[in-house]
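Numbers here are sequence positions counted from 1. What's counted below: heavy atoms across the whole structure, side chains too, no hydrogens, waters or symmetry copies.
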Amino acid sequence: MTESRMTEVPFRPREKLLEKQQYFQNIHRHTYLKGRMDKITSVTIPIALAAASLYMIGRGIYNMSHGIGKKE
């Protein structure tokens, strides 16, 4: 019996894959901050959410302590 071998077309060229692999293996940062856009999703967005929530909490405490916005 002759075994026919079917090969799949790769998603990326092998050279590009090896280049990315070398990039990620040689970098000396945390694993979750290795890509260029990872800093936006891992650092900037959580800081922005924390700042917005702290602002809203502070505004709520100020309004409660001064009696602003009470329903009569």
Taking only distance into account, with no hydrogens and no angle test, what donor-acceptor pairs under 3.5 Å do side-chain atoms of residues 59-66 form with protein atoms, sequence neighbours excluded?
from  : atom 1 : to    : atom 2 : distance (Å)
Asn63 : ND2    : Arg59 : O      : 3.4
Ser65 : OG     : Ile61 : O      : 3.2
Ser65 : OG     : Tyr62 : O      : 2.9
His66 : ND1    : Tyr62 : O      : 3.0

Fill in: Partners passing side-chain contact (heavy atoms from CB on, under 4.5 Å) against Glu15 (at least two apart in sequence or in another chain)
Pro13
Worksheet entry | Residues forming a side-chain contact (heavy atoms from CB on, under 4.5 Å) with Leu17, sequence neighbours excluded | none
When the side chains of residues 43-56 are checked against the rest of the protein, which donor-acceptor pairs come out under 3.5 Å, sequence neighbours left out?
from  : atom 1 : to    : atom 2 : distance (Å)
Ser53 : OG     : Leu49 : O      : 3.2
Ser53 : OG     : Ala50 : O      : 2.9

Worksheet item: Transitive ILVMFWY cluster of Leu18 at side-chain heavy atoms under 4.5 Å: who else is in it?
Response: none
